[in-house]
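To start, the structure itself, in C-alpha coordinates.
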2 protein chains.
Amino acid sequence: MNHNQSREKILLTATRLFCLRGYHATGMNQILKESGAPKGSLYYHFPQGKEQLAIEALTISRNLVADKLRGNFKIADPVTAVQQHLQMLAEIFSSEERLQEEWFSIVPFGLMAAESAFETEAMRKACEETFFCWEDIYIQKLEEHGYSEDMAKSLSTSLIAMIEGGIILALTQKSGQPLLQVKAIIPNLLNCK
Amino acid sequence: MNHNQSREKILLTATRLFCLRGYHATGMNQILKESGAPKGSLYYHFPQGKEQLAIEALTISRNLVADKLRGNFKIADPVTAVQQHLQMLAEIFSSEERLQEEWFSIVPFGLMAAESAFETEAMRKACEETFFCWEDIYIQKLEEHGYSEDMAKSLSTSLIAMIEGGIILALTQKSGQPLLQVKAIIPNLLNCK
DNA sequence: GTCTATACAAGGATAGAC
DNA sequence: GTCTATCCTTGTATAGAC
(Lines give C-alpha, C1' and ligand atoms only; values in the text may rest on other atoms or scores of the structure.)
Protein backbone atom coordinates (compact mmCIF):
# COMPACT_ATOMS: atom_id res chain seq x y z
CA MET A 1 0.00 0.00 0.00
CA ASN A 2 1.53 3.28 -1.02
CA HIS A 3 2.14 6.36 1.02
CA ASN A 4 -0.96 8.34 0.30
CA GLN A 5 -3.47 5.54 0.37
CA SER A 6 -2.92 4.50 3.95
CA ARG A 7 -2.35 8.02 5.19
CA GLU A 8 -5.68 9.05 3.76
CA LYS A 9 -7.51 6.03 5.10
CA ILE A 10 -6.19 6.69 8.59
CA LEU A 11 -7.12 10.35 8.41
CA LEU A 12 -10.66 9.76 7.16
CA THR A 13 -11.29 7.12 9.80
CA ALA A 14 -9.95 9.42 12.48
CA THR A 15 -12.18 12.25 11.26
CA ARG A 16 -15.25 10.05 11.44
CA LEU A 17 -14.49 8.65 14.86
CA PHE A 18 -13.43 11.95 16.41
CA CYS A 19 -16.56 13.71 15.16
CA LEU A 20 -18.92 10.92 16.05
CA ARG A 21 -17.58 9.55 19.30
CA GLY A 22 -15.37 12.36 20.44
CA TYR A 23 -11.66 12.99 20.80
CA HIS A 24 -11.11 11.35 24.16
CA ALA A 25 -13.40 8.43 23.45
CA THR A 26 -11.46 7.49 20.34
CA GLY A 27 -8.27 5.50 20.74
CA MET A 28 -5.35 5.26 18.36
CA ASN A 29 -5.77 1.50 18.23
CA GLN A 30 -9.37 1.85 17.18
CA ILE A 31 -8.48 4.26 14.40
CA LEU A 32 -5.83 1.89 13.16
CA LYS A 33 -8.10 -1.12 13.33
CA GLU A 34 -11.11 0.47 11.65
CA SER A 35 -9.07 2.12 8.96
CA GLY A 36 -7.61 -1.21 7.95
CA ALA A 37 -4.35 0.60 7.36
CA PRO A 38 -1.03 -1.13 7.97
CA LYS A 39 -0.38 -1.36 11.67
CA GLY A 40 3.01 0.22 11.78
CA SER A 41 2.22 3.23 9.69
CA LEU A 42 0.34 5.55 12.03
CA TYR A 43 3.23 7.33 13.65
CA TYR A 44 5.13 7.33 10.38
CA HIS A 45 2.42 9.38 8.71
CA PHE A 46 1.51 11.41 11.78
CA PRO A 47 4.67 11.94 13.81
CA GLN A 48 2.96 14.29 16.27
CA GLY A 49 0.45 11.61 17.14
CA LYS A 50 -3.10 12.10 18.21
CA GLU A 51 -3.12 15.85 18.28
CA GLN A 52 -1.85 16.14 14.72
CA LEU A 53 -4.52 13.69 13.67
CA ALA A 54 -7.16 15.76 15.42
CA ILE A 55 -6.12 19.03 13.85
CA GLU A 56 -6.01 17.56 10.36
CA ALA A 57 -9.38 15.93 11.00
CA LEU A 58 -10.84 19.29 11.96
CA THR A 59 -9.65 20.74 8.66
CA ILE A 60 -11.24 17.91 6.71
CA SER A 61 -14.51 18.40 8.48
CA ARG A 62 -14.43 22.14 7.97
CA ASN A 63 -13.95 21.87 4.23
CA LEU A 64 -16.52 19.16 3.68
CA VAL A 65 -19.21 21.21 5.37
CA ALA A 66 -18.08 24.45 3.72
CA ASP A 67 -18.29 22.86 0.27
CA LYS A 68 -21.75 21.54 1.01
CA LEU A 69 -22.93 24.96 2.17
CA ARG A 70 -21.46 26.78 -0.83
CA GLY A 71 -23.08 24.25 -3.13
CA ASN A 72 -26.49 24.82 -1.56
CA PHE A 73 -26.15 28.58 -1.61
CA LYS A 74 -25.15 28.62 -5.26
CA ILE A 75 -28.48 27.34 -6.47
CA ALA A 76 -31.01 28.55 -3.92
CA ASP A 77 -32.15 31.49 -1.84
CA PRO A 78 -31.09 31.57 1.84
CA VAL A 79 -34.26 30.03 3.26
CA THR A 80 -34.33 27.17 0.78
CA ALA A 81 -30.62 26.50 1.02
CA VAL A 82 -30.59 26.30 4.81
CA GLN A 83 -33.67 24.11 4.78
CA GLN A 84 -32.04 21.79 2.26
CA HIS A 85 -29.05 21.50 4.53
CA LEU A 86 -31.22 20.61 7.50
CA GLN A 87 -33.24 18.16 5.43
CA MET A 88 -30.06 16.40 4.38
CA LEU A 89 -28.83 16.21 7.97
CA ALA A 90 -32.18 14.88 9.19
CA GLU A 91 -32.15 12.18 6.54
CA ILE A 92 -28.77 10.95 7.66
CA PHE A 93 -30.32 10.05 10.99
CA SER A 94 -33.04 8.05 9.28
CA SER A 95 -30.74 6.16 6.95
CA GLU A 96 -29.35 2.69 7.49
CA GLU A 97 -26.52 2.35 9.93
CA ARG A 98 -23.71 1.82 7.47
CA LEU A 99 -24.65 4.92 5.55
CA GLN A 100 -24.95 6.86 8.79
CA GLU A 101 -21.43 5.97 9.77
CA GLU A 102 -20.13 7.29 6.50
CA TRP A 103 -21.88 10.63 6.73
CA PHE A 104 -21.40 11.13 10.38
CA SER A 105 -17.81 12.01 9.68
CA ILE A 106 -18.90 15.49 8.74
CA VAL A 107 -21.81 16.04 11.00
CA PRO A 108 -21.36 16.28 14.75
CA PHE A 109 -18.61 18.84 14.78
CA GLY A 110 -19.82 20.33 18.04
CA LEU A 111 -18.64 17.44 20.17
CA MET A 112 -15.04 17.84 19.06
CA ALA A 113 -15.30 21.61 19.31
CA ALA A 114 -16.44 21.44 22.92
CA GLU A 115 -13.68 19.02 23.83
CA SER A 116 -11.06 21.03 21.98
CA ALA A 117 -11.76 24.10 24.07
CA PHE A 118 -9.88 22.43 26.93
CA GLU A 119 -7.22 20.61 24.97
CA THR A 120 -4.32 22.38 23.34
CA GLU A 121 -4.66 25.91 22.06
CA ALA A 122 -3.92 24.67 18.55
CA MET A 123 -7.00 22.49 18.59
CA ARG A 124 -9.18 25.24 20.00
CA LYS A 125 -7.97 27.62 17.31
CA ALA A 126 -8.73 25.07 14.60
CA CYS A 127 -12.32 24.85 15.81
CA GLU A 128 -12.67 28.58 16.13
CA GLU A 129 -11.45 29.06 12.57
CA THR A 130 -13.90 26.45 11.38
CA PHE A 131 -16.88 28.25 12.82
CA PHE A 132 -15.64 31.55 11.39
CA CYS A 133 -15.20 29.92 8.00
CA TRP A 134 -18.78 28.68 7.96
CA GLU A 135 -20.07 31.94 9.36
CA ASP A 136 -18.46 33.90 6.55
CA ILE A 137 -20.28 31.78 3.99
CA TYR A 138 -23.61 32.54 5.62
CA ILE A 139 -22.85 36.22 6.08
CA GLN A 140 -21.87 36.72 2.47
CA LYS A 141 -25.02 35.04 1.19
CA LEU A 142 -27.29 36.96 3.54
CA GLU A 143 -25.72 40.30 2.66
CA GLU A 144 -26.12 39.51 -1.02
CA HIS A 145 -29.80 39.05 -0.34
CA GLY A 146 -30.21 42.42 1.28
CA TYR A 147 -29.75 41.73 4.98
CA SER A 148 -27.96 44.42 6.93
CA GLU A 149 -24.44 43.75 8.15
CA ASP A 150 -25.48 43.42 11.79
CA MET A 151 -28.45 41.24 11.01
CA ALA A 152 -26.42 38.99 8.72
CA LYS A 153 -23.86 38.50 11.46
CA SER A 154 -26.38 37.68 14.19
CA LEU A 155 -28.35 35.38 11.94
CA SER A 156 -25.26 33.50 10.78
CA THR A 157 -24.08 32.83 14.31
CA SER A 158 -27.57 31.80 15.31
CA LEU A 159 -28.00 29.47 12.35
CA ILE A 160 -24.75 27.69 13.10
CA ALA A 161 -25.69 27.41 16.77
CA MET A 162 -29.11 26.01 15.87
CA ILE A 163 -27.70 23.45 13.49
CA GLU A 164 -24.97 22.28 15.85
CA GLY A 165 -27.44 22.14 18.71
CA GLY A 166 -29.96 20.37 16.52
CA ILE A 167 -27.40 17.72 15.69
CA ILE A 168 -26.78 17.09 19.37
CA LEU A 169 -30.50 16.71 20.00
CA ALA A 170 -30.75 14.34 17.04
CA LEU A 171 -27.90 12.22 18.35
CA THR A 172 -29.43 12.08 21.80
CA GLN A 173 -32.86 11.15 20.48
CA LYS A 174 -31.53 8.89 17.75
CA SER A 175 -33.82 10.65 15.32
CA GLY A 176 -33.77 13.37 12.68
CA GLN A 177 -36.94 14.87 14.14
CA PRO A 178 -35.30 17.75 16.05
CA LEU A 179 -33.58 18.87 12.85
CA LEU A 180 -36.93 18.94 11.07
CA GLN A 181 -38.37 21.09 13.83
CA VAL A 182 -35.53 23.51 13.32
CA LYS A 183 -36.12 23.40 9.58
CA ALA A 184 -39.73 24.39 10.14
CA ILE A 185 -38.92 27.67 11.83
CA ILE A 186 -36.22 28.80 9.37
CA PRO A 187 -38.67 30.88 7.28
CA ASN A 188 -39.76 32.80 10.38
CA LEU A 189 -36.21 33.32 11.49
CA LEU A 190 -35.00 34.65 8.16
CA ASN A 191 -38.05 36.83 7.55
CA CYS A 192 -36.48 39.94 9.00
CA LYS A 193 -34.03 41.93 7.03
CA MET B 1 -16.84 13.92 57.40
CA ASN B 2 -20.28 12.45 57.46
CA HIS B 3 -22.02 10.40 54.84
CA ASN B 4 -23.88 13.08 52.97
CA GLN B 5 -21.22 15.76 52.97
CA SER B 6 -18.64 13.85 51.03
CA ARG B 7 -21.15 12.16 48.78
CA GLU B 8 -22.50 15.53 47.78
CA LYS B 9 -19.09 17.06 47.27
CA ILE B 10 -18.08 14.22 44.98
CA LEU B 11 -21.29 14.45 43.00
CA LEU B 12 -21.13 18.21 42.50
CA THR B 13 -17.52 18.04 41.42
CA ALA B 14 -18.32 15.24 39.02
CA THR B 15 -21.21 17.23 37.57
CA ARG B 16 -18.99 20.22 36.94
CA LEU B 17 -16.16 18.26 35.38
CA PHE B 18 -18.36 16.04 33.24
CA CYS B 19 -20.28 19.01 31.85
CA LEU B 20 -17.26 21.16 31.33
CA ARG B 21 -14.58 18.77 30.16
CA GLY B 22 -16.64 15.80 29.09
CA TYR B 23 -17.28 12.30 30.34
CA HIS B 24 -14.25 10.59 28.83
CA ALA B 25 -11.89 13.43 29.59
CA THR B 26 -12.71 13.32 33.28
CA GLY B 27 -11.02 10.70 35.42
CA MET B 28 -12.19 9.31 38.72
CA ASN B 29 -8.94 10.41 40.30
CA GLN B 30 -9.49 13.96 39.21
CA ILE B 31 -13.00 14.01 40.63
CA LEU B 32 -11.69 12.70 43.91
CA LYS B 33 -8.83 15.15 44.05
CA GLU B 34 -10.83 18.25 43.13
CA SER B 35 -13.71 17.39 45.39
CA GLY B 36 -11.40 17.18 48.36
CA ALA B 37 -13.47 14.26 49.56
CA PRO B 38 -11.89 11.40 51.48
CA LYS B 39 -9.93 9.19 49.12
CA GLY B 40 -11.49 5.91 49.98
CA SER B 41 -15.07 7.03 49.80
CA LEU B 42 -15.85 7.19 46.11
CA TYR B 43 -16.81 3.59 45.49
CA TYR B 44 -18.49 3.42 48.86
CA HIS B 45 -20.94 6.17 47.86
CA PHE B 46 -21.15 5.20 44.20
CA PRO B 47 -20.87 1.42 43.97
CA GLN B 48 -21.61 1.35 40.24
CA GLY B 49 -18.69 3.63 39.58
CA LYS B 50 -18.36 6.17 36.83
CA GLU B 51 -21.61 5.47 35.07
CA GLN B 52 -23.66 5.93 38.22
CA LEU B 53 -21.85 9.18 38.83
CA ALA B 54 -22.62 10.32 35.29
CA ILE B 55 -26.31 9.54 35.49
CA GLU B 56 -26.71 11.29 38.82
CA ALA B 57 -24.75 14.24 37.44
CA LEU B 58 -27.11 14.46 34.49
CA THR B 59 -30.05 14.69 36.87
CA ILE B 60 -28.42 17.47 38.86
CA SER B 61 -27.75 19.43 35.71
CA ARG B 62 -31.26 18.91 34.42
CA ASN B 63 -32.88 20.25 37.56
CA LEU B 64 -30.60 23.24 37.96
CA VAL B 65 -31.38 24.45 34.46
CA ALA B 66 -35.08 23.63 34.77
CA ASP B 67 -35.36 25.68 37.95
CA LYS B 68 -33.60 28.60 36.33
CA LEU B 69 -35.94 28.48 33.32
CA ARG B 70 -39.06 28.24 35.44
CA GLY B 71 -37.88 31.16 37.53
CA ASN B 72 -37.36 33.32 34.44
CA PHE B 73 -40.67 32.37 32.92
CA LYS B 74 -42.56 33.15 36.09
CA ILE B 75 -41.79 36.84 35.95
CA ALA B 76 -41.43 37.67 32.28
CA ASP B 77 -42.88 37.16 28.82
CA PRO B 78 -41.23 34.56 26.57
CA VAL B 79 -38.96 36.94 24.67
CA THR B 80 -37.68 38.66 27.79
CA ALA B 81 -37.27 35.43 29.72
CA VAL B 82 -35.25 33.70 27.00
CA GLN B 83 -33.14 36.80 26.54
CA GLN B 84 -32.47 36.94 30.26
CA HIS B 85 -31.33 33.35 30.17
CA LEU B 86 -28.94 34.06 27.29
CA GLN B 87 -27.67 37.20 28.98
CA MET B 88 -26.89 35.23 32.11
CA LEU B 89 -25.07 32.56 30.11
CA ALA B 90 -23.08 35.17 28.19
CA GLU B 91 -22.03 36.85 31.42
CA ILE B 92 -20.65 33.61 32.77
CA PHE B 93 -18.13 33.60 29.95
CA SER B 94 -17.05 37.11 30.83
CA SER B 95 -16.72 36.53 34.54
CA GLU B 96 -13.55 35.74 36.41
CA GLU B 97 -12.25 32.21 36.12
CA ARG B 98 -13.20 30.95 39.54
CA LEU B 99 -16.78 32.09 39.10
CA GLN B 100 -16.85 30.52 35.65
CA GLU B 101 -15.84 27.16 37.04
CA GLU B 102 -18.67 27.27 39.49
CA TRP B 103 -21.34 28.07 36.94
CA PHE B 104 -20.03 25.88 34.22
CA SER B 105 -21.38 22.91 36.07
CA ILE B 106 -24.80 23.66 34.70
CA VAL B 107 -23.96 25.09 31.36
CA PRO B 108 -22.37 22.96 28.68
CA PHE B 109 -24.79 20.07 28.81
CA GLY B 110 -24.43 19.36 25.10
CA LEU B 111 -20.96 17.87 25.40
CA MET B 112 -22.10 15.17 27.80
CA ALA B 113 -25.25 14.60 25.77
CA ALA B 114 -23.30 13.97 22.59
CA GLU B 115 -20.92 11.60 24.36
CA SER B 116 -23.76 9.79 26.11
CA ALA B 117 -25.39 8.87 22.81
CA PHE B 118 -22.69 6.25 22.35
CA GLU B 119 -22.24 5.15 25.93
CA THR B 120 -24.80 3.04 27.73
CA GLU B 121 -28.47 3.29 26.92
CA ALA B 122 -29.14 4.47 30.47
CA MET B 123 -26.98 7.52 29.94
CA ARG B 124 -28.54 8.29 26.57
CA LYS B 125 -32.01 8.05 28.10
CA ALA B 126 -31.05 10.39 30.91
CA CYS B 127 -29.99 13.01 28.36
CA GLU B 128 -33.07 12.51 26.24
CA GLU B 129 -35.29 12.99 29.28
CA THR B 130 -33.42 16.13 30.17
CA PHE B 131 -34.06 17.74 26.82
CA PHE B 132 -37.72 16.73 26.99
CA CYS B 133 -37.99 18.19 30.48
CA TRP B 134 -36.65 21.55 29.31
CA GLU B 135 -38.73 21.45 26.17
CA ASP B 136 -41.93 20.99 28.15
CA ILE B 137 -41.17 24.11 30.13
CA TYR B 138 -40.80 26.14 26.95
CA ILE B 139 -43.85 24.59 25.30
CA GLN B 140 -46.11 25.32 28.24
CA LYS B 141 -45.02 28.94 28.43
CA LEU B 142 -45.40 29.49 24.70
CA GLU B 143 -48.85 27.94 24.59
CA GLU B 144 -49.93 30.11 27.50
CA HIS B 145 -48.92 33.09 25.41
CA GLY B 146 -51.04 32.09 22.46
CA TYR B 147 -48.67 30.12 20.24
CA SER B 148 -50.20 27.16 18.42
CA GLU B 149 -49.29 23.67 19.55
CA ASP B 150 -47.14 22.98 16.49
CA MET B 151 -45.41 26.31 16.61
CA ALA B 152 -44.72 26.00 20.33
CA LYS B 153 -43.15 22.59 19.76
CA SER B 154 -40.93 23.69 16.87
CA LEU B 155 -39.87 26.85 18.65
CA SER B 156 -39.02 25.04 21.85
CA THR B 157 -36.81 22.51 20.11
CA SER B 158 -35.18 25.29 18.14
CA LEU B 159 -34.55 27.43 21.20
CA ILE B 160 -32.87 24.58 23.03
CA ALA B 161 -30.78 23.78 19.97
CA MET B 162 -29.75 27.40 19.62
CA ILE B 163 -28.78 27.74 23.25
CA GLU B 164 -26.79 24.50 23.35
CA GLY B 165 -25.12 25.36 20.07
CA GLY B 166 -24.46 28.88 21.29
CA ILE B 167 -22.74 27.51 24.37
CA ILE B 168 -20.45 25.40 22.21
CA LEU B 169 -19.55 28.42 20.11
CA ALA B 170 -18.91 30.42 23.28
CA LEU B 171 -16.63 27.73 24.66
CA THR B 172 -14.72 27.52 21.40
CA GLN B 173 -14.30 31.27 21.15
CA LYS B 174 -13.75 31.75 24.87
CA SER B 175 -16.31 34.55 24.75
CA GLY B 176 -19.95 35.22 25.51
CA GLN B 177 -20.30 37.05 22.20
CA PRO B 178 -22.02 34.23 20.25
CA LEU B 179 -24.67 33.98 22.95
CA LEU B 180 -25.34 37.71 22.63
CA GLN B 181 -25.77 37.31 18.88
CA VAL B 182 -28.34 34.64 19.55
CA LYS B 183 -30.01 36.87 22.09
CA ALA B 184 -30.34 39.59 19.47
CA ILE B 185 -32.44 37.51 17.09
CA ILE B 186 -34.80 36.09 19.73
CA PRO B 187 -37.45 38.79 19.16
CA ASN B 188 -37.54 37.98 15.45
CA LEU B 189 -37.72 34.27 16.09
CA LEU B 190 -40.56 34.51 18.55
CA ASN B 191 -42.53 37.06 16.54
CA CYS B 192 -44.65 34.48 14.77
CA LYS B 193 -47.51 32.89 16.54
C1' DG C 1 -16.87 5.59 56.23
C1' DT C 2 -12.44 5.88 55.03
C1' DC C 3 -7.63 4.24 54.05
C1' DT C 4 -3.83 1.82 51.41
C1' DA C 5 -2.41 -1.17 48.22
C1' DT C 6 -3.01 -3.35 44.20
C1' DA C 7 -4.98 -5.70 40.19
C1' DC C 8 -5.78 -5.26 35.49
C1' DA C 9 -6.81 -3.22 31.12
C1' DA C 10 -6.17 0.44 27.78
C1' DG C 11 -4.20 4.44 26.49
C1' DG C 12 -0.34 6.96 23.69
C1' DA C 13 4.09 6.66 22.11
C1' DT C 14 8.94 4.87 20.79
C1' DA C 15 12.80 1.64 19.14
C1' DG C 16 14.76 -0.95 16.00
C1' DA C 17 14.43 -4.73 12.61
C1' DC C 18 13.07 -5.44 7.92
C1' DG D 1 6.70 2.26 4.68
C1' DT D 2 5.58 -1.14 7.57
C1' DC D 3 6.04 -4.58 11.49
C1' DT D 4 6.71 -6.22 16.19
C1' DA D 5 7.77 -5.62 20.64
C1' DT D 6 7.87 -2.85 24.43
C1' DC D 7 7.64 1.23 27.70
C1' DC D 8 5.30 4.18 30.51
C1' DT D 9 1.27 6.39 32.04
C1' DT D 10 -3.31 6.58 33.05
C1' DG D 11 -7.73 4.77 33.98
C1' DT D 12 -11.26 2.01 36.44
C1' DA D 13 -12.18 -0.91 39.92
C1' DT D 14 -11.54 -4.14 43.95
C1' DA D 15 -9.70 -6.18 48.45
C1' DG D 16 -9.07 -5.98 52.92
C1' DA D 17 -7.36 -3.42 57.02
C1' DC D 18 -8.87 0.06 60.26
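Convention: sequence-line order gives letters A, B, ...; per-chain numbering from 1. Here the structure is a predicted model, which is why all the values come from computation and not from measurement.
The side chain of Lys39(A) sits closest to dC3(D) out of dA13(C), dC3(C), dC3(D). Proximity note for Tyr44(A) (side chain, C-beta onward) versus dT2(C), dT12(D), dG1(D): the nearest is dG1(D). Nearest to the side-chain atoms of Met28(B) among the listed nucleotides dT2(C), dA13(C), dT12(D) stands dT12(D). Taking only side-chain atoms of Asn29(A), from C-beta outward, the nucleotide of dA13(D), dG11(C), dT2(D) with the closest atom is dG11(C). Nearest to the side chain of Ser41(B), among dT2(C), dG12(C), dC3(D), sits dT2(C).
Atom-to-atom, CD of Gln5(B) to C1' of dT2(C) comes out at 14 Å; the value is rounded to the nearest Å. Between the CG atom of Leu42(A) and the P atom of dC3(D) there is a distance of 11 Å, rounded to whole Å. dT12(D) atom P lies 16 Å from atom CD of Gln48(B), rounded to whole Å. Atoms CG (Leu53(A)) and C1' (dA13(C)) sit 13 Å apart, rounded to a whole Å. When rounded to the nearest whole Å, the span between CG of Leu32(B) and C1' of dT2(C) equals 11 Å. In this structure, CD1 of Ile31(A) is placed 7 Å from P of dG12(C), rounded to the nearest angstrom. Distance Asn4(A) CG to dT2(D) P: 10 Å, rounded to the nearest Å. Atom pair Lys33(B):NZ and dT10(D):P shows a separation of 11 Å (rounding to whole Å applied).
Using a 4.0 Å cut-off, some side-chain N or O of Tyr43(A) falls inside it from OP1 or OP2 of dA13(C). Remark: Ser6(A) is not in phosphate contact with dG1(D), judged by side-chain N or O atoms under 4.0 Å from OP1 or OP2. The side chain of Lys50(A) places an N or O atom within less than 4.0 Å of a non-bridging phosphate oxygen (OP1 or OP2) of dG12(C).
Between the CD atom of Glu164(B) and the OG1 atom of Thr172(A) there is a distance of 9.0 Å, given to the nearest 0.5 Å. The CD atom of Gln52(A) lies 9.0 Å from the CG atom of Leu11(A); values are rounded to the nearest 0.5 Å.
Considering every non-hydrogen atom in both Met162(A) and Ala161(B), the closest pair reads O-CB, 3.5 Å.
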Test side chain to side chain contact (heavy atoms under 4.5 Å, CB included) on Leu86(B) and Leu180(B) and set out the steps.
-> CA-CA 7 Å; Leu86(B) 284 160; Leu180(B) 296 177; over 6 Å; no

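Under the 30°/60° scheme for interplanar angles, the aromatic rings of Phe109(B) and Phe131(B) are found to stand perpendicular.
Projected onto DNA chain C by closest heavy-atom contact, His24(A) and Gly40(A) fall at different nucleotides, the more 5' of which corresponds to His24(A).
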